[in-house]
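All remarks here apply to the structure that follows.
Along the sequence shown, residues are numbered consecutively beginning with 1. Just so you know, ligand 1 is whichever comes first in the structure, and atom 1 is the first atom listed for that ligand.
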Amino acid sequence: MSTFSAPKGTYDLLPPDSAAVLAVREALAAPLRAAGYGYAETPGFEHVELFSRGVGESTDIVTKEMYTLTTKGGTRLALRPEGTASVLRATLQANLHRAGNLPVKLWYSGTYYRYERPQAGRYRHFSQIGAEAIGTEDPALDAELIILAADAYRSLGLTGVRLLLNSLGDRACRPAYRTALQDFLRGLDLDEETRARIEVNPLRVLDDKRESVRRQLAGAPAMRDHLCEACKEYHEQVRELLTDAGVAFTDDERLVRGLDYYTRTTFEFVHDGLGSQSAVGGGGRYDGLSEMLGGPPLPSVGWAIGVDRTLLALRAEGAAPAAAPATDVFAVPLGDRARRELFTVVTALRRAGVAADFGYGGRGVKSAMKSANRSGARFALVAGERDLADGVVQLKDLGSGEQTPVALPDVVEDLRRRLG
Ligand code: ATP
Ligand code: MG
């Protein structure tokens with residue numbers, strides 16, 4: 001123990017658990033790369049206004065959860081609470097959205113910051129993989145993103161992820177629904193804060209998790225009954241494409257995002273093994289966001305998946321991804337001359353693409369062999385004075401215990417062949 005520990009709501013990722021996190025990130029990212037999404041990286045902090053506009057003044061993220069700071073120069077910055085606003089800002093700034101280049105398909109991976117009440121699956125510093133398809137309105141794009149996420153969960157071996165799907169309508173049909181919903185909500189028995197929310201962000205009230213509120217929402221008007229023809233048709237196409245791909249979903253009237261620039265398709269992936277932090281990922285269309293940020297109309301769709309919660313879901317299913325052993329060969333030198341010769345061999349192995357490690361610290365053979373076994377390596381290379389005098393090293397198969405002398409100049413080739 002030192003005098004310090006990690007701040008509340010954060011945790012350290014260390015071996016061996018950290019290998020599973022890398023495996024989860026890779027499983028989520030690989031399908032995106034293969035589907036034409038390019039990697040994007042944006043700063044860990046941005047101007048506060050990007051998020052207050054791009055996430056929404058009336059959202060919990062902006063009103064309660066943002067870490068803000070003022071620099072010595074007087075600039076107001078915020079640690080990023082999410083990725084979409086930054087990625088869209090970067091796209092607009094670099095002018096990636098010029099004609100002929102649409103959709104701009106980007107993926108990202110990083111850590112995000114929200115001042116929340118820490119609990120299992122809810123941290124103040126957490127990790128997401130996200131994907132955005134910017135500048136094109138096409139139900140196949142919505143379906144593509146949802147299918148990529150669903151397949152990625154499956155490739156991890158997760159069986160308990162459920163997809164919830166809804167449409168939020170658009171500029172044509174949502175205003176009338178919003179008014180109808182407000183009329184309904186104003187008649188309910190709600191606390192002061194929730195009553196205020198009805199006026200600025202009524203759709204969010206549908207998302208209230210409290211039982212006392214949920215009970216009263218039973219008869220709330222549904223967006224489904226207010227969708228215009230174009231939105232109905234669009235949503236039907238998304239549903240058909242998902243069905244064709246064998247991706248199961250549940251229509252969920254209560255699934256909302258409260259802001260006007262979120263339109264049409266909205267979805268969430270939930271897992272029932274996570275208690276109340278059930279959302280492992282979510283996303284949807286945000287056709288009006290670019291204009292909110294001062295850009296041209298760029299209808300877009302995206303999602304963000306929580307890496308931490310995906311890993312918790314895997315653990316809940318007893319299916320944490322097994323990390324492949326990192327080391328194939330472990331070298332155990334006995335004496336100073338062997339140290340020098342074997343270190344050269346290890347370097348040559350690494351340069352030849354063989355994962356190799358070394359018994360450092362001049363320890364005895366017993367303790368070095370223990371390290372070799374712990375490393376998960378398939379082979380140990382052992383050499384002492386006599387071996388080197390004979391021009392060989394002993395190659396030990398750590399599974400079978402079998403030991404064979406190999407001529408020093410042949411070691412790299414020999415091991416490469418054995419490891420396939
Ligand atoms: P929740 O309703 O659980 O607060 P959210 O709607 O705030 O989720 P998004 O902003 O859509 O979540 O973020 C996408 C994903 O990021 C979530 O589905 C979740 O898996 C993960 N996530 C969000 N906030 C946290 C957090 N504080 N700690 C860990 N993971 C988080
Ligand atoms: Mg949240």
Counting only heavy atoms, tell me which of E65, E268, R114 gets closest to atom 5 (P) of ligand 1.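 The nearest heavy atom belongs to R114.
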
Take the angle between the ring planes of Y67 and Y115 and call it parallel below 30°, perpendicular above 60°, tilted in between.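 Ring orientation, 0 to 90° scale: perpendicular.
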
How does R122 reach ligand 1, if at all, at less than 4.0 Å between non-hydrogen atoms: by side chain, backbone, both, or neither?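 Both of them.
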
Which residue supplies the protein heavy atom nearest to [atom], what is that atom called, and how far is it?
{"atom": "atom 8 (O) of ligand 1", "result": "R309 NH1, 4.2 Å"}
{"atom": "atom 28 (N) of ligand 1", "result": "Y123 N, 2.9 Å"}
{"atom": "atom 11 (O) of ligand 1", "result": "R257 NH2, 3.6 Å"}
{"atom": "atom 27 (N) of ligand 1", "result": "E116 OE2, 2.6 Å"}
{"atom": "atom 21 (C) of ligand 1", "result": "G306 CA, 3.8 Å"}
{"atom": "atom 22 (N) of ligand 1", "result": "F126 CE1, 3.6 Å"}

May I ask you to decide whether [X] forms a salt bridge with [Y], counting only side-chain N to carboxylate O separations under 4.0 Å?
{"X": "D252", "Y": "R224", "answer": "no"}
{"X": "E116", "Y": "R122", "answer": "yes"}
{"X": "E268", "Y": "R254", "answer": "no"}
{"X": "D170", "Y": "R264", "answer": "yes"}
{"X": "E229", "Y": "K232", "answer": "yes"}

Under 3.5 Å, is there a donor-acceptor pair between the R76 and T71 side chains?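 Judged by distance alone, the side chains do not pair up.
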
Taking only heavy atoms of [X] into account, list the atoms of ligand 1 that are under 4.0 Å away from them.
{"X": "V280", "value": "18 (O), 20 (O)"}
{"X": "G121", "value": "28 (N), 29 (C), 30 (N)"}
{"X": "A279", "value": "17 (C), 18 (O), 19 (C), 20 (O)"}

Could you please spell out the steps behind the side chain to side chain donor-acceptor pair (under 3.5 Å) verdict for D225 and Y177? CA-CA 9 Å; D225 303 324; Y177 171 66; over 6 Å; no

Is Q128 near ligand 1, meaning one of its heavy atoms is under 4.0 Å from it?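 Q128 counts as a contact of ligand 1 under the 4.0 Å cut-off.
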
Got an N/O contact under 3.5 Å between G281 and ligand 1?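 For ligand 1, there is an N or O atom that lies under 3.5 Å from one belonging to G281.
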
Among D142, L165, L168, which residue meets the side chain to side chain contact (heavy atoms under 4.5 Å, CB included) test with H235?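 Result: among D142, L165, L168, L165 is the only option passing the side chain to side chain contact (heavy atoms under 4.5 Å, CB included) with H235.
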
